[in-house]
Each structure stands twice: as C-alpha cells, then as structure tokens.
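Reviewing the structure listed below.
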Amino acid sequence: MNAAASVSAPAAVAKRPKRPRGSRLRAAALALPLVAFIVVTFIAPLGTMLVRSVHAPVVADAMSETVALLGDWDGGSLPAEAVFATAARELLKAREDRVIGQVATRVNRVQAGLRSAVTRTARRLRGLQPESWRAAMIETHAAWGEVDTWRALLLAGERYTGRNYLHALDLKRDAAGDIVAQPSEQRIYMALLARTLAVSLAITLLCLLLGYPVAYFIAHAPPGRANWLLLLVLVPFWTSLLVRTTSWIVLLQSQGVVNDLLVLIGLVNDDERLALIYNLNGTLVAMTHVLLPFMVLPLYSVMRTIPATHMSAAASLGAGFGKAFWRVYWPQTLPGVGAGSLLVFILSIGYYITPALVGGRTGQLISNMIAFHMQQSLNWGLAAALGGILLACVVALYLVYDRLVGVERMKLG
Amino acid sequence: MDTQDPSRRPTSGEGAGAKTADVYVEFNGVHKTYDGVTPIVRDLHLTVREGEFLTLLGPSGSGKTTCLMMLAGFEAPSAGAIRIDGRAVDAVPPRKRNIGMVFQNYALFPHMTVGANLAFPLQVRGLDRAAVAERVHRALRLVRLEGFEDRHPNQLSGGQQQRVAIARALVFEPRLVLMDEPLGALDRRLREEMQFEIRRIQRTLGVTVVYVTHDQQEAMAMSDRVAVFNAGRIEQVDSPEVLYEEPRRPFVASFIGDNNLLRGRVAAVDGDTCDVRVGDVVINAFMVTRHEVGDDVVLAVRPERTGLVSEAGTYTNEFVLRVEDMAFLGDHLRVLTNIGGHGFVVKIPNIVGHGGVLAGEGVHIGWATLDCRAMRPPEDESSD
Ligand SMILES: Nc1ncnc2c1ncn2[C@@H]1O[C@H](COP(=O)(O)OP(=O)(O)OP(=O)(O)O)[C@@H](O)[C@H]1O
Ligand SMILES: [Mg+2]
C-alpha cells in the first residue's frame with residue numbers, strides 16, 4: 001500500500017448549500033431577543049461605566065466660563081479680577097441651580113479641603129456687589145487667595161480626564177502637572193489590586209488542587225455513581241450564596257464548630273481560639289468553596305473524553321502510575337485546567353459578596369473598594385476607573401492565555 | 001481419529017498444562033467473576049506456544065477480552081493461575097509484564113506525535129536518545145510508515161493509526177503481543193489488508209500473538225490455532241482446518257462456517273458410526289464422541305457437503321426432501337428443505353443438473369456418513 005498517498009487530507013468538506021435569504025433572516029431574528037438582552041444588561045452598562053471613568057461634566061458645565069478663562073491663565077500668580085468675577089457669578093448660579101454641592105464635591109476630590117471654600121463662598125457672596133470680587137472671595141475663604149485652589153478648579157473643570165485612572169493607580173498630577181506617585185499613606189489601590197490578584201491566584205490553585213482529584217474520580221466512576229457525584233458537586237450551585245457563606249460563619253467563627261472541636265481535642269486553648277473568619281483566611285476558604293464547581297465541571301468534561309484505555313496502554317508500555325499520569329493523562333487535561341483556572345480566576349478577581357461578608361478588614365478585595373465608592377463615597381468616576389482596570393486585567397489575562405494555550409483549545413463543558 | 005470422550009478440558013490436540021519446552025503462556029484452571037456471583041470465565045485451560053498466532057474467537061460477551069486483560073495483568077483471576085514463560089505472574093503488575101498490547105480503539109496518545117508515541121515505552125525503559133530514535137525508525141519501517149514520525153494520530157487514517165498502534169506494541173521488543181479486536185473499526189477492504197499485514201509482521205518477528213476477534217473469517221485467515229469461546233468456556237482449540245472439518249461441539253459446528261444442526265436420538269451403534277433417529281427418518285452419522293443407544297445427540301451437516309443424488313446408492317444417507325424455498329446465488333443454489341421436522345439447508349453448485357430443483361417439489365439429496373457428525377448436545381455441558 002502506498003501509505004503516503006492515502007494520508008491525503010480528508011475528502012474536501014462539501015460546501016454547505018446556501019440557505020435562502022429568508023430563512024437566514026429568520027434565524028437571525030430568533031437570536032435578536034438575546035442580543036437585545038445582552039446589549040441592554042451588559043454592553044450598555046459596561047459602556048456607561050467606562051465613559052463615566054473619564055467623563056466628568058459637572059464642573060465643566062457649571063463653571064464653563066471660569067474654566068475657559070483659566071485656560072489662558074499663566075498659572076504662576078493669582079488669576080485676573082475678571083476670572084474672580086466670572087467664578088463668583090457662576091458659583092452663585094450653581095447655587096441657584098442646586099448643583100453647588102456636586103461642584104464642591106468634585107473640586108474637593110481634586111484637592112481636599114476645598115468643599116467649604118466652594119459652598120461657603122457661594123452662600124456668602126449672594127447679594128453682594130463688591131468693588132473687587134477678588135478681595136471679596138478671599139475674604140469669604142482664604143483658599144481663593146492661593147494659586148493651588150485655582151489650579152484645582154481648572155483640573156476639576158476638565159470634561160474628559162484621566163484623573164480617576166491616575167487615582168486608581170495611586171498616581172496624581174503634581175503642581176507642575178507631572179504624574180507622580182501619591183504620598184505613601186494614600187497608596188491603597190495598587191496594594192489592593194495586588195492583593196486581589198494574589199488571592200485570586202491562591203483560590204485558583206486551591207480549586208485546582210481540590211477539584212482535579214474530584215473531577216478525575218467522577219469522570220472515571222461507573223455512570224450511575226458519576227451522576228450522583230456530579231449532583232453533589234452541583235449542590236452548591238442550587239444553594240443561596242448567602243446561606244453558603246453564612247454556614248461558613250457558623251463553622252469558622254471563634255465560637256464556631258471548628259474552633260469548638262479544636263478546643264475539645266486540646267489542640268487550641270479556649271482563650272486563644274483561632275481567627276478563621278473575618279480575615280483573609282475567611283475569604284480564601286469561602287470563595288474556594290463557592291468557585292470549586294467552576295473548576296470541577298470543565299475538568300470533568302475534558303476528563304470524560306479521555307478513554308480509560310490510555311492509562312492501561314501506558315501501563316502496558318511499562319510506565320508506572322506517576323509517569324503515565326504526567327506524560328499521558330495530565331497533558332490531555334490541560335484544556336480543562338486552562339478553562340477552569342481562567343474561569344475561577346476571572347470570577348474571583350471580581351468577587352464581591354463573599355469577601356464583604358467574611359473577609360473582615362484584611363480579606364477585602366478590589367471589588368469591595370469599588371462597591372464602597374459606588375455606595376458610600378459616591379465617587380462613581382473612581383469606582384468606574386477601578387472597574388476599568390479590573391476589566392483590563394481580565395482582558396490581558398485572556399490574551400496571555402490565548403497566546404500560550406490558544407482559546408480555541410479551551411473546553412468549558 | 002480420536003473418538004474417545006474428551007475430558008472436561010476441551011483443549012484437544014495437546015495435554016493441558018503440558019510442560020513442553022515451547023509453551024509460552026499457560027492458563028491453568030482460571031476462573032473469573034467480577035461481582036463474585038456471575039462467572040465470566042470458567043475453568044479455563046489454555047496453552048499458547050512460543051511464536052504462535054493464537055486467536056480467541058467467540059460471540060460478544062463470551063469473555064475474550066476478560067482473558068486478555070487477565071493475561072495483561074489488568075484483571076486478576078478469581079481462581080487458577082496464569083504462567084508466562086514458566087513463571088506465575090499473579091503478582092506481576094501490567095507494567096512489569098513486558099507484554100505489547102494493541103487496543104481496539106488503538107489508545108494512541110493524541111497529544112503526542114507518532115514518533116513520541118513510539119518513543120514512550122523506550123524512554124520509560126531508560127534507553128538513550130540514539131537507541132530510541134533507531135528503534136522507533138525500525139518499528140515504523142516494519143509497519144511501512146517511514147517518515148510519519150512528526151504526524152499526530154488525528155492526522156492519520158484509521159489503517160495508519162492501526163499500524164502505529166501495532167508498531168508501538170512491538171517497539172520495545174516484547175515476546176508476547178496481545179491484540180483485542182484491532183481491526184474492528186476498519187472497513188472490510190482495509191481489514192483484509194491489515195490481516196495479511198499483521199500476519200506478515202508476526203512471522204517476521206516470530207513474536208507470540210494472542211489475538212481476539214468475533215469475526216470467524218478473520219480468525220481463520222490469520223491464526224495458527226483458534227480457541228473458540230462460548231459463555232466463558234473454551235469449546236475447542238485447533239487449527240482453522242481442523243475446526244472447520246472436525247468440530248467437536250455443536251457450538252463450534254454452528255459458529256465456524258454453515259452447518260445444519262439436527263437433534264436426534266441414537267438408535268443403533270456400529271463402531272465409529274451410529275444410526276440416529278431424527279423425527280421420522282434415520283440418519284447414519286460419524287460419532288465424534290462415544291454414545292450409547294438412547295443418547296440424545298446433535299447432528300451437524302454442512303450444506304455444501306450434500307449433493308444431488310443422480311444415481312441411488314451414491315451416499316450412505318439419501319432422502320427425497322420437499323423444497324420449501326430456494327434462492328439463486330450465482331455460483332450456487334441455496335435450497336431450504338425439511339428433514340424430520342427440522343429446517344435443512346442444501347447448497348447445490350451451479351453446474352449441470354440443478355435445473356430439476358423446483359420449489360414445492362421433492363429433491364433427491366444425499367451425504368456421506370463422514371460428513372455427518374454426531375455430537376453431545378450442549379445441555380450436557382452446562383449441567384456442571
Ligand atoms: N469490568 C467489568 N465489570 C463487570 N462485568 C464485566 C466487566 N468487564 C466485562 N464484564 C462482563 O463480562 C462479560 C464478558 O466480557 P468481555 O469483555 O470479556 O467479553 P468479550 O468476549 O470481549 O465480548 P466482545 O466481543 O463484545 O468484546 C460480559 O458479560 C461483560 O458484561
Ligand atoms: Mg471484547
């Protein structure tokens with residue numbers, strides 16, 4: 001037989017006959033609701049958020065003329081009287097329009113301590129017709145006599161700004177406009193991001209370590225038993241996240257089951273019970289538990305396709321279990337390992353509820369900081385910038401994965 | 001010819017457990033059950049000679065794979081012993097048995113190239129790089145796949161994958177190779193080609209092969225000897241010719257080639273032959289095993305060993321049978337008749353004289369005593 005000849009590519013795949021236009025349109029129409037749903041609930045909010053991270057219109061709108069005048073300002077000495085007059089007029093206008101609070105907040109974010117300068121000036125200047133607006137403003141608040149205040153106003157007036165991203169990266173612009181690091185006591189976000197990435201990596205490894213043997217066991221169990229085991233893996237999916245997290249509190253708190261047991265068998269003294277929860281440890285344990293199925297399922301689906309005869313064949317060829325596993329089995333599960341790890345890692349760097357409930361102070365992740373800025377400090381621009389950085393991390397990770405493994409080799413289930 | 005009642009060990013042609021020099025594999029009273037209740041392999045005695053091509057042939061579920069797995073070490077016998085090259089192997093794990101194995105679905109490692117697949121058993125054995133390359137090359141040349149080192153298994157046709165699987169099972173030069181339905185996934189033409197190929201390789205290397213199939217033609221075409229399995233038991237072990245010409249069990253008679261099986265009762269015995277009453281007729285038959293008058297027996301008559309009687313007295317058995325149905329198959333006529341209440345198929349070669357055979361009419365058929373074998377019915381066997 002001519003071996004080489006019969007290898008030739010499999011018979012050319014027959015071209016699929018073109019479907020009539022109408023039916024293609026109908027098929028596309030069927031997908032429309034889903035497309036609309038994704039656009040409304042996912043792409044639109046994502047877009048809005050990204051826009052919000054760079055778009056700061058409040059001051060630019062309320063004090064547009066002042067900002068425009070400040071554009072021609074040399075920045076070295078106090079601005080001219082005309083600038084003061086315009087600023088006073090626009091502050092008063094903003095007060096009438098009831099946006100003065102927002103303006104004050106924005107300016108205050110650029111330079112702490114300016115909130116009262118803005119609000120008090122707007123209140124006091126009402127009804128005045130002073131000779132010199134400059135003198136009057138400096139009289140109501142000394143801050144107006146400082147160059148930095150006006151620079152802050154100019155910066156706050158930028159309609160499109162990288163300020164939030166700089167802030168999220170623990171950077172800022174100094175007086176000269178150069179990008180410099182924040183003072184060390186204010187550098188929190190990068191450290192938090194680093195912690196988030198490290199915790200996510202740790203959770204991913206824990207899930208892999210715990211999930212791999214489980215998936216192996218299920219994939220190679222007899223079919224009946226495999227279904228039951230798979231069900232057990234899926235049970236966490238059907239239990240409310242809150243219930244699961246609360247169970248961990250019951251187990252791990254200092255008066256909880258685990259500590260009680262440890263005290264009972266004498267490993268730990270009653271008065272020095274271990275702090276297992278409300279710290280980094282709580283976040284690690286609870287999140288690993290929550291995310292484990294996302295590791296097990298892709299692994300299982302890949303392992304199920306590996307015939308049991310591969311390990312038998314390796315053994316018949318003289319390989320012990322270790323060699324057979326590392327050279328024959330493990331490489332074939334890599335698509336599942338990659339998919340599961342990517343899934344768990346991406347889910348954990350954005351995880352919010354579990355660290356909020358059981359993370360205490362040391363177990364907080366970047367998403368908790370985002371939530372703080374969304375709900376407490378109301379600095380949505382910064383929250384959006386932090387979210388944008390998180391998104392960039394995920395995309396970068398995905399690209400690296402694609403480069404190293406190839407996304408088309410990923411098996412999600 | 002051997003006509004004495006065979007012992008409980010149907011390994012005719014050799015004394016079971018005989019310690020002849022060229023015995024390489026020996027199953028000695030091997031039992032196997034997976035659940036502790038259902039017997040899968042029962043009281044198996046079988047020897048494989050050095051350099052022999054022995055096929056385990058039997059219907060699906062008859063325990064062939066199980067036997068192979070016990071030989072390879074993936075399953076342990078529930079009772080009895082397996083010896084390879086004179087040594088009991090109960091305690092030897094599969095990886096230490098040095099047995100080449102070809103799995104039904106090849107079990108090639110898809111993430112490795114052909115070269116890496118072949119190198120695997122050599123690297124595991126710690127051979128150096130040059131020796132590995134040399135042997136891989138030699139094995140590929142043996143299966144006529146030179147230059148395929150860098151392909152991945154999924155870039156090969158089924159037949160080529162099969163060759164790689166065979167090469168991998170041979171590359172570390174085992175003395176024994178096991179093959180479990182290695183051609184099951186191939187189409188007919190390729191299967192026949194590979195049968196010759198495997199046989200050629202086996203002869204070239206002189207390696208001992210235990211081969212499993214449920215295709216009797218494949219077994220006949222390739223084997224030195226065939227062990228016919230039925231429900232966990234070996235019915236007969238013999239060369240293909242002997243199996244065909246001298247089946248000793250109704251199961252073998254019906255499994256190998258075509259046979260008419262007729263149930264009857266011995267009416268008279270005369271030396272090696274007997275008269276058997278089947279329904280309302282009496283048939284003269286050769287006794288494979290010794291029987292007494294009154295014994296129930298099964299008669300086996302091959303359709304092609306019957307003939308049209310042109311002159312009365314040509315055969316020891318001659319009957320006029322009614323043609324119930326017939327089919328023209330080119331080189332022969334296949335005629336369904338009835339004898340003593342049993343359906344009876346007759347094969348009439350397409351030569352002069354068959355024109356007189358008409359459906360609904362009688363046809364004069366005969367066969368010789370030696371072409372009609374009387375055997376113990378299968379019930380006798382399962383009673384123990
Ligand atoms: N691991 C196992 N556990 C339980 N029963 C098994 C196992 N393997 C095989 N069996 C049973 O043993 C019997 C014989 O199986 P075996 O695979 O040896 O048959 P076979 O002769 O190879 O059949 P086939 O031609 O279909 O491959 C079957 O009834 C099968 O269901
Ligand atoms: Mg089988």
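All chains are named by letter (A, B, ...) in the order of the sequence lines, taking the proteins before the strands, and each is independently numbered beginning at 1. Because the structure is a prediction, the values reported are computed rather than measured.
When heavy atoms are compared at a cutoff of 4.5 Å, B/Leu122 does not approach chain A at all.
Taking all atoms of both residues into account, the shortest heavy-atom contact from B/Phe172 to A/Ser316 is CZ-O, 3.9 Å.
Taken to the nearest 0.5 Å, the CD atom of B/Gln123 stands 9.5 Å off from the NZ atom of A/Lys323. Between the CG atom in A/Leu317 and the CG atom in B/Asn98 there is a gap of 10.5 Å [rounded to 0.5 Å].
Ranked by heavy-atom pairs under 4.5 Å with chain A, the first of B/Pro110, B/Ala72, B/Pro94 is B/Pro110. In terms of non-hydrogen atom pairs under 4.5 Å with chain A, the most contact-rich of B/Leu178, B/Leu108, B/Asn105 is B/Leu108. Of all the listed residues (B/Met69, B/Arg125, B/Met101, B/Glu197), the one sharing the greatest number of non-hydrogen pairs under 4.5 Å with chain A is B/Arg125.
Counting non-hydrogen atoms of neighbouring residues, nucleotides and ligands closer than 6.0 angstrom, the CZ atom of B/Arg200 exceeds 12 such neighbours. More than 12 heavy atoms of other shown residues, nucleotides or ligands fall within 6.0 angstrom of atom OH in B/Tyr34. Residue A/Trp238 places its CH2 atom among more than 12 non-hydrogen atoms of other residues, nucleotides or ligands, all under 6.0 Å distant. Within 6.0 Å of the CD atom in B/Gln217, the count of heavy atoms belonging to other residues, nucleotides or ligands does not exceed 12. For CD1 of A/Ile353, the number of neighbouring non-hydrogen atoms (other residues, nucleotides, ligands) closer than 6.0 Å is 12 at most.
Not a single donor-acceptor pair under 3.5 Å links the side chain of B/Arg95 to the backbone N or O of A/Ala314.
For residues 77-124 of chain B, the set of pairs meeting the ring-ring contact (aromatic ring centres under 6.0 Å, His included) definition, not counting sequence neighbours, comprises A/His310-B/Phe109, B/Phe109-B/Phe120.
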